[in-house]
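Quick note on labels: first sequence line is chain A, next is B, and so on, each numbered from 1.
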Amino acid sequence: MIEKALNASNRFWGWIIFLLAIIGVGFLCYLHQLNTGLGITGMSRDVSWGVYIAQFTYFVGVAAGAVMLVIPKYLHHYTKYAKVVVFGEFIAIAAVIMCLLFIIVDIGQPNKMMNVVLFPTPNSMLFYDMIVLNGYLLINVIVGWNTLLADKKGLPCPGWVKPFIYLSIPWAVSIHTVTAFLYAGLPGRHLWLTAVMAPRFLASAFAAGPSLLILLLLFVRKVSKFDAGLDAIQNIARTVCYAMIVNLFFLFMEFFTAYYSNIPGHIHPLEYMFFGLHGHDALVPFLRTSVLTGFISVFILLVPAFRRNLKLLALGCFLVFLSTWLEKGVGLVIGGFIPNPFEGITEYQITFPEFAIALAIWAVGALILSILYKVAITVREEEQIV
Amino acid sequence: MYDAGKVYLGLAIFIGIFTFGFYYSHGTAAPQPKPSIDTPEINKMAKKQCVEDTEFMRSSHMKLLVEWRDEALRNGNRTFVNSRGEKIKISLQNTCLKCHSNKKDFCDRCHTYAMTAPYCWDCHIDPNGGKL
Amino acid sequence: MSIDRRKFLKMAGLTALGLSGTGAYELLKPGALEASHGHDAHGSGHGSEAAEDKNRTRWAMLIDMTRCEAADVEKASHACHHAHNVPDMENPKHAIKWLWGETYEGTFPDSHNEYQAHELEHKTFPLMCNHCDKPPCVRVCPTQATFRRPDGIVAMDYHRCIGCRFCMAACPYGSRSFNFVDPRTALKFEDLNKKFPTRYPGAVEKCNFCVERLADGLQPACVEAVPHVFTFGNLADPDSNVRKILRERTSLRRKLELGTKPSVFYLV
């Protein structure tokens with residue numbers, strides 16, 4: 001089926017070449033990083049995780065979003081999603097590959113990477129993260145590819161694929177929970193030491209993943225003959241809306257606990273992120289924009305008249321993606337390190353090589369997504385002709 | 001055969017590239033490395049012997065060093081009892097290199113010949129080396 | 001004997017299950033989880049309440065703040081950093097610190113008493129790895145590159161460290177440093193302690209309670225440099241020097257509410 005991606009317009013090839021160029025630049029920067037060390041990034045002794053891990057954290061959420069389609073279609077036989085689920089699974093594949101790449105570029109000694117497999121450590125959450133991420137990738141590749149293949153042949157989905165589909169549901173929840181456990185079990189970081197860390201991750205995942213899917217489906221409607229169906233898209237949009245409401249609610253919970261208890265250790269990271277602390281306020285514009293766009297997006301997606309307007313829908317979904325990205329991809333990880341364990345503040349600023357490498361991994365995700373979507377769209381288009 | 005010219009040309013290039021190693025060295029072998037044990041500490045020794053015998057060290061010094069590092073660092077046991085019953089202090093820099101203080105003429109001779117670059121020296125210091 | 005695809009797949013699946021079953025058993029059987037506490041499956045790596053025993057060891061460091069001045073902290077830090085070839089990095093973001101000075105506020109941030117005794121409030125406190133009895137860094141390390149020895153020291157195996165920096169996020173005390181660049185760019189060969197290695201870019205490092213000196217029967221470098229401030233001894237032996245001092249002097253430990261049970265005591 002991959003040959004279907006090769007028969008494409010010049011516009012598509014131009015897009016691929018553009019992505020390859022970005023990947024090339026980022027790859028060269030990565031070679032520089034391998035040579036010199038992670039010192040070429042903006043990370044420091046105090047802020048020891050930066051853009052790479054933050055992006056990984058965010059895209060684990062995007063990957064889990066596919067489950068919001070799988071549950072209605074396979075557990076509740078919501079047939080309107082039948083043509084759409086595979087597009088969610090392909091987003092999951094691209095997102096998980098991005099996650100794995102972000103982890104690899106963040107590791108200080110990548111040639112020792114196999115130590116995590118050679119010396120299994122059941123008490124470490126990173127050990128489980130490695131297992132669940134790779135497992136989720138495998139599940140989505142198996143399920144996505146085989147269901148699409150069955151559609152192409154005009155046959156029902158083969159029976160042996162069903163267990164993998166059902167497995168993908170708790171597994172999607174697990175990738176998120178385990179990633180949240182990376183943060184939620186650390187005693188010294190007040191921003192992360194909260195029981196709602198995993199629920200927050202899940203809520204923002206179920207908002208971010210499907211919102212990206214809607215944006216892509218609307219785009220696919222414009223550039224190809226495949227129409228996912230407005231009913232399906234509206235239903236996904238409702239899911240995004242409610243997930244985003246829960247996400248904002250959880251954020252409010254964090255504020256309440258910190259500020260009502262008045263414990264300085266709990267307040268300081270939130271204060272740094274949203275209001276600035278002792279004159280340091282580098283993250284404030286990002287976090288405030290995150291909250292603002294979050295509320296606007298909920299307003300758009302909640303009101304049926306706005307949601308049915310496809311242009312506004314696209315705007316709303318984009319704002320959901322932006323809001324959750326700013327909150328997780330910029331705020332959460334970096335904010336957890338500030339203030340440092342001595343109540344001092346070392347701020348974080350991205351460097352160009354770091355940005356180039358991160359952008360290159362985004363481009364790899366876009367490349368994988370483009371190719372897989374091209375295959376899926378072509379199969380759907382051919383189905384319609386028959 | 002279609003495109004016979006291109007096929008033959010491609011084959012010629014392929015063979016040329018893959019036999020490069022043979023004809024570039026004119027069919028001769030590189031000289032066998034001769035690590036030197038001419039160091040002050042070794043010259044002082046009445047019977048010149050390492051922690052184990054030469055044959056063992058030649059074939060298995062890498063394995064021994066890996067066992068040593070896990071014993072010393074992870075198990076906290078810095079004493080090695082060799083096959084002769086002698087107690088040796090486990091340390092690359094302070095035991096091995098105490099006698100073999102000429103890393104360039106000893107360790108490096110075989111490593112360069114075999115094109116291995118053990119990463120030990122990224123951290124462990126050659127006490128007699130003038131550079132890092 | 002011909003076999004159809006279905007039968008083959010059934011057999012292959014059962015075999016895979018069987019193989020992974022034994023693997024899973026090895027991983028999860030009782031005692032296997034203690035592996036991350038080093039080479040000790042007897043359970044003595046689990047904290048020392050049980051052991052009031054002259055034969056057990058739990059190393060601890062006592063720091064007498066009534067006799068410690070800023071110059072003493074400098075001296076101890078220099079001794080430690082020289083003995084272990086710790087580089088002095090130009091860029092403060094890439095700083096590597098095994099033993100360093102911090103204000104009273106920075107040492108005890110969440111329990112800052114702003115009406116503290118004047119003498120204590122302006123002291124420079126020497127900070128180092130606390131070699132906790134229940135170390136969060138050991139809990140999170142995915143390769144057991146950092147592990148707790150039976151004698152209480154939280155050790156680093158640089159050979160195994162992949163540089164993921166999870167331990168740095170987990171440490172509540174900020175004791176750990178990462179080699180963002182090659183440390184040898186900030187070291188001169190002549191100034192090195194030739195008996196001890198350097199580290200390389202991509203590994204995490206921290207105070208190691210001078211395990212290599214202890215193996216030779218020596219005291220840790222900071223204790224040797226400033227003996228009137230630093231005292232090192234066995235906390236598990238009720239008759240040891242440190243236990244005698246702790247019975248008589250008031251001591252503080254950092255962030256006790258986190259349950260890490262640190263082994264560094266500040267005598268005030």
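- Looking at Thr185(C), neither its backbone nor its side chain comes within 4.5 Å of chain A, counting heavy atoms on both sides.
- Most heavy-atom pairs under 4.5 Å with chain C: of the set Gly37(A), Gly108(A), Gly188(A), this distinction falls to Gly108(A).
- In this structure, CZ on Phe180(C) lies 10.5 Å from CD on Gln33(A), to the nearest 0.5 angstrom.
- Leu127(C) touches chain A through its side chain: at least one heavy atom from C-beta onward sits under 4.5 Å away, while N, CA, C and O do not.
- Residue contact with chain C, scored on non-hydrogen atoms closer than 4.5 Å, involves the backbone and the side chain of Met43(A) alike.
- Environment of CD in Glu121(C): crowded, with over 12 heavy atoms of neighbouring residues, nucleotides or ligands closer than 6.0 Å.
- In terms of heavy-atom pairs under 4.5 angstrom with chain C, the leader among Ile40(A), Asp46(A), Leu182(A) is Leu182(A).
- Proximity of Ile96(C) to Arg45(A): side-chain heavy atoms (C-beta onward) are nowhere separated by under 4.5 Å.
- Counting only heavy atoms from C-beta outward, the side chains of Pro341(A) and Lys255(C) approach each other to under 4.5 Å.
- Residue with the most contacts toward chain C among Gly265(A), Pro187(A), Pro264(A): Pro187(A) (heavy-atom pairs, distance under 4.5 Å).
- For residues 160-170 of chain C, a heavy-atom distance under 4.5 Å to chain A picks out Arg160(C), Cys161(C), Ile162(C), Gly163(C), Cys164(C), Arg165(C), Phe166(C), Met168(C), Ala169(C), Ala170(C), given by residue number.
- For the atom pair CD (Gln109(A)) and NE2 (His159(C)), the distance works out to 11.0 Å, reported to the nearest 0.5 Å.
- Using a 4.5 Å cut-off between heavy atoms, Asp182(C) contacts chain A through its backbone alone, with no side-chain atom that close.
- Neither the backbone nor the side chain of Cys137(C) comes within contact range of chain A; no heavy atoms are under 4.5 Å apart.
- Against chain A, the residues from residues 86-94 of chain C that qualify, each with a non-hydrogen atom under 4.5 angstrom away, are Lys93(C), His94(C) in number order.
- If you measure heavy-atom distances from Arg254(C) to chain A, the contacts under 4.5 Å come from the side chain alone.
- Residue Phe337(A) touches chain C through its side chain alone, counting heavy-atom pairs closer than 4.5 Å.
- Contact tally against chain C (heavy-atom pairs below 4.5 Å) for Asp106(A), Ile53(A), Asn340(A): the top residue is Asp106(A).
- Most heavy-atom pairs under 4.5 Å with chain A, from the set Pro142(C), Pro201(C), Gly106(C), Ala203(C): that is Pro142(C).
- Heavy atoms of Glu347(A) lying under 4.5 Å from chain C belong exclusively to its backbone.
- If you measure heavy-atom distances from His268(A) to chain C, you find no contacts under 4.5 Å at all.
- Thr143(C) has its side chain out of reach of Lys112(A): every pair of non-hydrogen atoms, C-beta onward, lies at least 4.5 Å apart.
- With respect to chain A, the highest number of heavy-atom pairs below 4.5 Å among Ala145(C), Pro109(C), Ala95(C) belongs to Pro109(C).
- A distance of 12.0 Å separates CZ in Phe147(C) from CZ in Phe119(A), rounded to the nearest 0.5 Å.
- Here the side chain of Glu105(C) pairs no donor or acceptor atom with the backbone of Phe342(A) at under 3.5 angstrom.
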